[in-house]
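Single-structure report; data block below.
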Amino acid sequence: MSKDKSAKIPTPQAVRGTQDMLGDFADRFAHVVETFERVRRLYGYKRVEVPVIEPTAVFARSLGETTDVVSKEMYSFEDRGGESITLRPEFTAGIARAYVTNGWQQFAPLKVATHGPLFRYERPQKGRYRQFHQLDAEVLGSDSPLADAELLVFADQLLQELGINEGVTLTLNTLGDAASRDAWRAALVEHFEAHRGDLSEDSLARLDKNPLRILDSKDPKDRPIADSAPDIDAFLTGEAQDFFGAVTAGLDAAGVAWERNARLVRGLDYYRHTAFEFVTDRLGAQGTVLGGGRYDGLIEALGGPPTAAVGWAAGIERLAMLIEEPGAPDKAEAIVVVESDGIEAVGFEVSAVLRRANVKTDLIASGSIKKRFDRAVKRDPDTIVSLGLGDDGGVSVRVRSAEHMHEIEEILATIDWKAWDRR
Ligand code: ATP
Ligand code: MG
């Protein structure tokens with residue numbers, strides 16, 4: 001082996017934008033996922049798994065060439081067979097692709113949920129990674145506004161159960177049906193053309209390709225022009241109005257508070273009707289904790305039949321930063337202390353029996369014998385089980401428990417102590 005320094009595992013340059021997690025944060029992360037898994041079952045969402053790698057066309061076609069994700073952020077490369085593949089930057093496109101290629105139309109309307117890693121070539125900074133993780137929920141093959149409303153009630157319950165609904169607001173808009181959207185778009189282009197000279201460079205580029213996106217520009221130059229642009233309301237068809245009315249009526253019926261945000265848009269043509277974001281004031285500029293909308297034209301763009309669909313996604317890292325540290329469940333926690341040499345195996349059996357009875361248990365059976373009990377006391381567990389050798393040569397057991405004495409003694413009574421005396 002060469003002693004070349006470059007043979008060392010490169011760090012941190014090569015791991016910029018990725019994140020290792022240990023202990024507290026990893027626990028929070030897991031708690032977010034566990035809560036999501038529990039709540040999605042309550043709402044009848046089936047678990048779905050889609051691959052991390054997809055043909056590049058799946059994302060290029062569905063996300064649109066002009067979006068930041070496709071133009072700047074995709075991890076795309078040629079594999080050994082010369083095919084262009086991409087590490088998924090989001091879930092929706094892969095799920096839509098799977099819906100088409102597997103013939104899942106037969107299950108429509110199909111409610112699915114998933115979570116896992118996503119990849120985007122971002123400029124690494126706090127809270128923004130190149131590998132990050134999302135929760136995702138989608139309803140495919142439903143054109144009912146109740147699907148939108150139910151997805152939002154599901155999202156609201158998830159945030160409630162994570163304990164982060166305080167300071168989080170559901171903001172909602174409608175992009176109407178095709179006719180409403182086209183008419184609104186024309187009016188927006190006219191408005192922005194009239195202020196062409198004052199728009200930021202980015203927004204000038206958007207004016208041709210993606211004028212709706214100017215509405216949610218963060219550039220202070222654009223804000224007054226975006227704020228004075230016409231709302232969609234004047235252009236909504238009766239049908240589009242009814243649809244939005246049914247979504248908000250569903251939310252009101254379920255007791256989920258919402259606010260209209262007429263500037264909330266999705267740039268791509270296949271977005272229809274509902275667009276939404278749960279926003280918080282607790283994360284500075286990165287205010288969105290969960291977002292999504294209806295994408296009735298996407299599956300067709302991927303070569304499938306016209307299919308109405310709606311979904312949302314939420315960044316797990318962001319949710320994990322917002323939640324309180326998940327508390328330990330109110331259960332006995334025990335430390336087993338082996339206070340004599342030669343009976344380590346007893347400690348091992350007792351620990352195994354306690355753990356099988358669902359008691360979180362640590363074993364102290366090494367280090368200075370005199371100090372072992374004190375080490376256990378210092379950690380202030382609910383229960384200490386100390387094991388020693390009695391004068392008669394048998395194993396002696398002492399239990400100290402603050403709250404679970406009876407429960408622990410019952411568990412320990414299942415052990416065949418006599419068997420140890422004879423060994
Ligand atoms: P932004 O405008 O912040 O870049 P986006 O439009 O790219 O957001 P979406 O594609 O809608 O974000 O993703 C939804 C959620 O995924 C975000 O609200 C965020 O919580 C999370 N997310 C997106 N990109 C990253 C990233 N690079 N690192 C960590 N989380 C991310
Ligand atoms: Mg982004």
Side-chain angles (χ1 to χ4, degrees), residues 15-21 25 28-29 32-33 36 52 58-60 62-64 66-75 86-96 113-138 151-152 155 158-159 162 164 168-173 175 202-203 206 210 212-219 222 261 263-268 270-271 274-295 298 310-323:
V15 294
R16 275 187 81 197
T18 62
Q19 187 176 213
D20 303 308
M21 301 177 205
F25 191 72
R28 289 163 183 256
F29 187 99
V32 170
V33 172
F36 173 71
V52 167
V58 167
F59 305 110
S62 63
L63 297 179
T66 62
T67 57
D68 282 357
V69 171
V70 170
S71 60
K72 298 191 284 225
E73 298 174 358
M74 289 212 301
Y75 270 94
T86 295
L87 305 183
R88 63 185 181 198
E90 57 129 48
F91 278 113
T92 310
I95 292 173
T114 193
H115 60 83
L118 303 175
F119 303 85
R120 293 183 194 175
Y121 197 82
E122 303 254 24
R123 194 167 64 79
Q125 50 186 298
K126 192 175 172 346
R128 200 167 276 282
Y129 311 98
R130 290 181 175 179
Q131 174 175 337
F132 65 101
H133 302 75
Q134 279 185 352
L135 312 172
D136 187 274
E138 315 278 348
L151 261 171
L152 286 164
L158 173 69
L159 298 178
L162 288 171
I164 52 178
V168 172
T169 311
L170 165 56
T171 60
L172 200 61
N173 198 16
L175 307 172
D202 280 349
S203 285
R206 289 183 192 123
N210 210 339
L212 266 64
R213 286 310 302 264
I214 299 175
L215 285 179
D216 65 3
S217 167
K218 283 169 191 140
D219 195 311
D222 297 328
N261 174 6
R263 310 285 93 164
L264 180 62
V265 290
R266 303 276 156 191
L268 301 171
Y270 55 74
Y271 281 110
T274 328
F276 53 85
E277 280 179 0
F278 285 81
V279 293
T280 175
D281 46 21
R282 286 169 55 197
L283 282 178
Q286 291 154 349
T288 306
V289 292
L290 188 151
R294 181 164 274 283
Y295 51 92
L298 174 95
V310 54
W312 57 249
I316 303 181
E317 286 85 352
R318 262 176 221 183
L319 292 172
M321 289 193 310
L322 285 165
I323 62 172

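The analysis underlying the following values was restricted to heavy atoms, covering all of them including side chains, and did not include hydrogens, waters or symmetry mates. Ligands are counted one by one from 1 in listed order, and the atoms in each one are counted from 1 as well.
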Can you check side-chain contact (heavy atoms from CB on, under 4.5 Å) on T169 and F278, steps first, answer last? CA-CA 5 Å; T169 311; F278 285 81; over 6 Å; no
Mind checking whether R128 contacts ligand 1 via backbone (N, CA, C, O), side chain (CB onward), both or neither, at a 4.0 Å heavy-atom cut-off? both
Taking the non-hydrogen atoms of R318, is any one of them nearer than 4.0 angstrom to ligand 1? yes
At under 4.0 Å between heavy atoms, which part of R120 makes contact with ligand 1: side chain, backbone, both or neither? side chain
Which of the atoms in ligand 1, numbered in the order shown and given with their element, are less than 4.0 Å from a heavy-atom of Y129? 26 (C), 27 (N), 28 (N), 29 (C)
Checking the N or O distance criterion of under 3.5 Å, is ligand 1 in contact with E317? no
Would one find more than 12 heavy atoms of other residues, nucleotides or ligands at under 6.0 Å from atom OH of Y75? yes
Can you tell which of Q134, E277, E90, M321 gets a heavy atom nearest to atom 13 (O) of ligand 1? Q134
Begin with the C-alpha distance, continue with both residues' side-chain angles, and end with the deciding distance and a verdict on side-chain contact (heavy atoms from CB on, under 4.5 Å) for V52 and F119. CA-CA 9 Å; V52 167; F119 303 85; 3.6 Å; yes
Would you give the length of the straight line joining atom CG of L215 to atom CG of L264, rounded to the nearest 0.5 angstrom? 10.0 Å
Would D222 and S203 satisfy side-chain hydrogen bond (donor to acceptor under 3.5 Å, both in side chains), going step by step from the backbone distance to the final call? CA-CA 8 Å; D222 297 328; S203 285; 2.7 Å; yes
Using a 4.0 Å cut-off to any heavy atom of G315, which atoms of ligand 1 qualify? 15 (C), 16 (O), 20 (O), 21 (C)
Decide if the gap between the ring center of H133 and the ring center of F29 is smaller than 6.0 angstrom. yes
